[in-house]
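Report on the structure given below.
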Amino acid sequence: ADLPRPAPRSSNPEIMAAEIIERLTYRIGKDVKVAKPHDWLTATILVVRDRIIDKWMASTRKAYADNSKRVYYLSLEFLIGRLMRDAISNIGLMQEIRDALSSLGVDLDVIAGLEPDAALGNGGLGRLAACFMESMATVDIPAYGYGIRYVHGLFRQQMADGWQVELPETWLAHGNPWEFERRESSYEVGFGGSVETIGGYEEPQRFVWKPAERVIAMAYDTPVVGWRGTRVNTLRLWSAQPIDPILLAAFNAGDHIGALKESNKAESLTRVLYPADATPAGQELRLRQEFFFSSASLQDILRRHLQQYPDFTSLPDKVSIQLNDTHPAISICEMMRLLCDVHGLEFDEAWTITRGTFSYTNHTLLPEALESWPVPLLERLLPRHMQIVYAINANTLVYARKEKKMPDQQIRSISLIDENGERRVRMGNLAFIGSHSINGVSALHTELMKETVFADLHSLYPDRINNKTNGITPRRWLMQCNPGLTGLIREAIGDDFLDDAEKLTALDRFADDAGFRAKFAEVKRLNKVRLANTVAQRMGIRVDPSAMFDIQIKRIHEYKRQLLNLVETVALYDQIRSHPELDWVPRVKFFAGKAAPSYHNAKLIIKLANDIARVINNDPAVRGLLKVVFIPNYNVSLAEIMVPAADLSEQISTAGMEASGTGNMKFALNGALTIGTLDGANVEMLEHVGDENIVIFGMTADEVAKARAEGHNPRAIIEQSAELSQALSSIASGVFSPDDRSRFSALIDGIYNSDWFMVAADFDAYANAQREVDAIWSDPDSWYAKTVRNTARMGWFSSDRTIRQYAADIWRA
Ligand code: 26M
């Protein structure tokens, strides 16, 4: 949003233009006459960056001077996307920079589109970390994000004959003007080797880890500006470097190649993001990444603490470390090692400090997604940490057995070691036991945590589990991605909502204002035209912006049930063809999302979407009534175009399986209607927007659990539904895959034989809900009244609210 506000140094486009030219000349070394669009982009970012730096330093100094508590957000993923528009808009210079560039013959929107989309994350968990970074700066919390500076972010997705193909992503190819290399902030991180025991008989025992391998973690800092530029925090990403390559080469004199191999090995640590978002890869390199960034971050955190305070007794008062899932859970052992072995604290004292400092957020209950590492691997790679795991476990199990009289079966379930089959360390249990707070990401998810995976740990520590329902930053997900709607809201209710999204409730009464609804619809139409243009440009497909835009965008996963949507699409296609005389609502069904490269069924679902699209889009019988579009290479930037253009948001996961969802919030905030199950944060969205403004269908989490426990009969269900039978058999028999008629038979057999994800069980409810959506659409007054109310009532889902709750209840910051 182009917001007129006093700028920090100048609000004069001429000065701004001069500054851009100055950066172009002296930092990039290019003449105005020969500058390429990319050079203008870099020069503009450098101007913006310099404006941010004063505030950055002031923020750092203030935290030091005030002895404020610092929050550290440890995450293997930060899915930040493009940064320039975010930064410019947050410091209030949008209009000046736009004008300055335009006076130089450069279009801001064109160069903004050249900025690479930083995809250092897979999906929801990584995007949440990015929203939280922006909100922590906005609500003025001294916070640091810690993560990995992957050379290659999430793979680029290309389609080859409808199949997903993964290509390497190279976001750093043109350099990264946002980051500052901090050579002075480097730490050694060890792997392997052995543990030496010192003392024992008279003196207390001490342990010294002698790693066999060592690498350097080097910091790269990126400033994160909050809304109105009040505070600038640091995102610190670690890059792995070989230990002094010159020295190493000298040591290996005569073996130059061998020496460089070592340096290659070090650098390979931070080369690439693991592309799984639900099934842990279980690869040694992944564990190395987790420990590498945990160790570097902890060394940095403890060093900063000792700079300011005499010892570590004050650590829990001055430091909060939030673990984004279990990926950084090894930090708990590393903290214990640093406190005991390096700084000489006693185990019990170190444990109190550690537990007082850490808190853990769980993002999934899927059993296959719960991280665990084989004991032999941990013993070999991190021998000291394995000892610490055993020590923590012994203490916990003694407490549970002796003081809490816990029976054996529960003891087995709370143990840090899974003894069923190959012995493994359970990272979820480690994160739980080592933290004073464990939170879920929606009310339903938090209750399910208490009842399922963490039931026994919850009975042992009943005060630790709490809920923090996710949120999204309204700066990126309303003001920037939807300037049209932002402008319209400002006209209607003024600017208060810009600083407090909950003020959007003032918009509620405009739902009954026909004039306002017409403007709201016009904004939506223009956003749909923008998406239609994107699709035309990228894929050569023409879609009609007057049709309902029905959108499902997220990682491809069976539990998210893109398959349910596709089966219903086929059923609708059959219906339209059998009853062309009926008054069908024209729809475009959009899909986008990446599949983990090793997830066979997810890749098959992408192929199915493309096969269905080809048949439907080429059938004149449904022309103008139904189109299916799978847009390749879904990322944050594509979401910023698709979210504002949606009429209908598909949030249809099997109840009990989506921890929260955050895309659901983005769509509703931007005036889409949701069709969804009672899953994750949908449940709370229903409470906020009201049941007349959201279309809920299907089994509840309890019903799903019951059906699974007692067994349900998908075959009987399918036989009772003519529409479903026909849709499934047409897919299974090869109607959409004439070149390979059995391509989808195994996928469809899964529905007949087990239907784990309740595609058959929920089909009729879903199809009926879709016809209900059609009915609402056919009455535009009713449709837009509902969508206006969605925007008006979604302010609570701002990540500012979420962060305030973390600060009040968990961090006490
Ligand atoms: C683990 C080990 C090895 C490789 C990859 C992983 C891994 C990476 C990401 C596992 C899970 C990952 O992400 C899970 C995730 O994104 N969960 C989502 O978190 C969102 C934010 O809380 C929720 O809104 C979503 O419902 C939830 O699916």
Side-chain angles (χ1 to χ4, degrees), residues 73 75-79 119-132 147-148 150 153-155 272-291 293 322-330 360-373 424 426-428 431 439-446 448-449 467-473 477 553-561 593-594 596-599 651-667 676-677 679-685 701 797 799 802-803 806:
Y73 199 81
S75 178
L76 227 50
E77 308 193 2
F78 289 92
L79 220 187
L120 308 185
N122 273 286
L125 166 149
R127 182 54 234 175
L128 186 75
C131 284
F132 279 8
I148 289 182
Y150 301 106
L154 189 62
F155 66 85
V272 61
L273 165 76
Y274 272 89
D277 79 333
T279 36
Q283 315 275 12
E284 178 176 329
L285 182 62
R286 168 72 182 194
L287 178 58
R288 283 178 182 258
Q289 287 184 337
E290 294 183 354
F291 178 68
F293 110 100
Q322 191 72 37
L323 302 175
N324 198 22
D325 216 295
T326 57
H327 315 153
I330 196 68
Y360 153 55
T361 306
N362 172 280
H363 294 270
T364 177
L365 301 173
L366 299 187
E368 69 272 24
L370 300 176
E371 268 190 306
S372 69
W373 293 105
R424 303 176 74 96
R426 293 170 169 145
M427 303 308 274
N439 76 282
V441 290
S442 73
L444 173 65
H445 165 66
T446 300
L448 293 173
M449 278 171 69
N467 178 242
K468 295 289 168 283
T469 300
N470 282 167
I472 55 171
T473 168
W477 296 111
I553 47 178
K554 47 186 80 242
R555 286 298 288 257
I556 312 296
H557 207 293
E558 285 162 287
Y559 85 77
K560 295 178 187 285
R561 296 201 293 192
K594 292 173 181 175
S598 62
Y599 191 169
Q651 308 300 334
I652 60 174
S653 52
T654 314
M657 300 194 77
E658 188 71 273
S660 161
T662 46
N664 46 2
M665 303 168 190
K666 294 165 195 167
F667 283 107
T677 47
D679 199 14
N682 294 355
V683 177
E684 290 151 87
M685 284 172 54
F797 294 91
S799 45
T802 313
I803 285 302
Y806 275 86

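Each residue takes its place number in the sequence, starting with 1. The basis for the numbers below is simple: all heavy atoms, side chains too, and nothing from hydrogens, waters or symmetry mates. Whatever order the structure lists them in is the order used to number ligands and atoms, beginning at 1.
Close N/O approach between Leu125 and ligand 1 is found [any backbone or side-chain N/O within under 3.5 Å]. Between Thr364 and ligand 1, a contact under 3.5 Å exists for no N or O pair. Considering backbone and side-chain atoms together, Lys560 places no N or O closer than 3.5 Å to any N or O of ligand 1. Annotation: Leu128 places no N or O atom under 3.5 Å from an N or O atom of ligand 1; distance criterion only. When only interatomic distances are considered, the shortest N/O to N/O separation between His363 and ligand 1 falls below 3.5 Å. For a threshold of 3.5 Å applied to N or O pairs, the pair formed by His327 and ligand 1 contains no separation below that value.
Counting heavy atoms closer than 4.0 Å to ligand 1, residue Asn470 contributes side-chain atoms (C-beta onward) but none from N, CA, C or O. The residue Arg127 has no part lying near ligand 1, judged by heavy-atom distances below 4.0 Å. Neither the backbone nor the side chain of Phe132 comes within 4.0 Å of ligand 1, counting heavy atoms alone.
Asn439 contributes no side-chain N or O that, together with a main-chain N or O of Asn467, makes up a donor-acceptor pair within less than 3.5 Å. Not a single donor-acceptor pair under 3.5 Å links the side chain of Arg555 to the backbone N or O of Gly123. Not one N or O on the side chain of Ser75 forms a donor-acceptor pair closer than 3.5 Å with the backbone of Phe78. A distance-only check finds no donor-acceptor pair linking the side chain of Glu658 to the backbone of Tyr559 [under 3.5 Å].
Minimum heavy-atom separation, Thr677 to Ile652: OG1-C, 3.8 Å. For the residue pair Ala681 and Gly661, the shortest heavy atom distance occurs at CB-O, 4.3 Å.
Annotation: His557 is in aromatic contact with Tyr599 [ring centroid separation under 6.0 Å].
In this structure, of Glu290, Glu77, Gln289, Arg286, the residue bringing a heavy atom nearest to atom 9 (C) of ligand 1 is Glu77. Counting only non-hydrogen atoms, the option in Gly661, Ser653, Gly680 that gets closest to atom 23 (C) of ligand 1 is Gly661.
Those atoms of ligand 1 that come under 4.0 Å of a heavy atom in Val441, given as number and element, are 22 (O). Set against the non-hydrogen atoms of Tyr559, the atoms of ligand 1 under 4.0 Å away are 28 (O). Close contacts between ligand 1 and Ala659 involve ligand atoms 26 (O) [criterion: under 4.0 Å to a heavy atom].
Using modelled atom types and a 3.5 Å distance limit, the side chains of Glu77 and Asn122 yield a donor-acceptor pair. Neither side chain, Asn470 nor Thr662, offers a donor N or O lying under 3.5 Å from an acceptor on the other.
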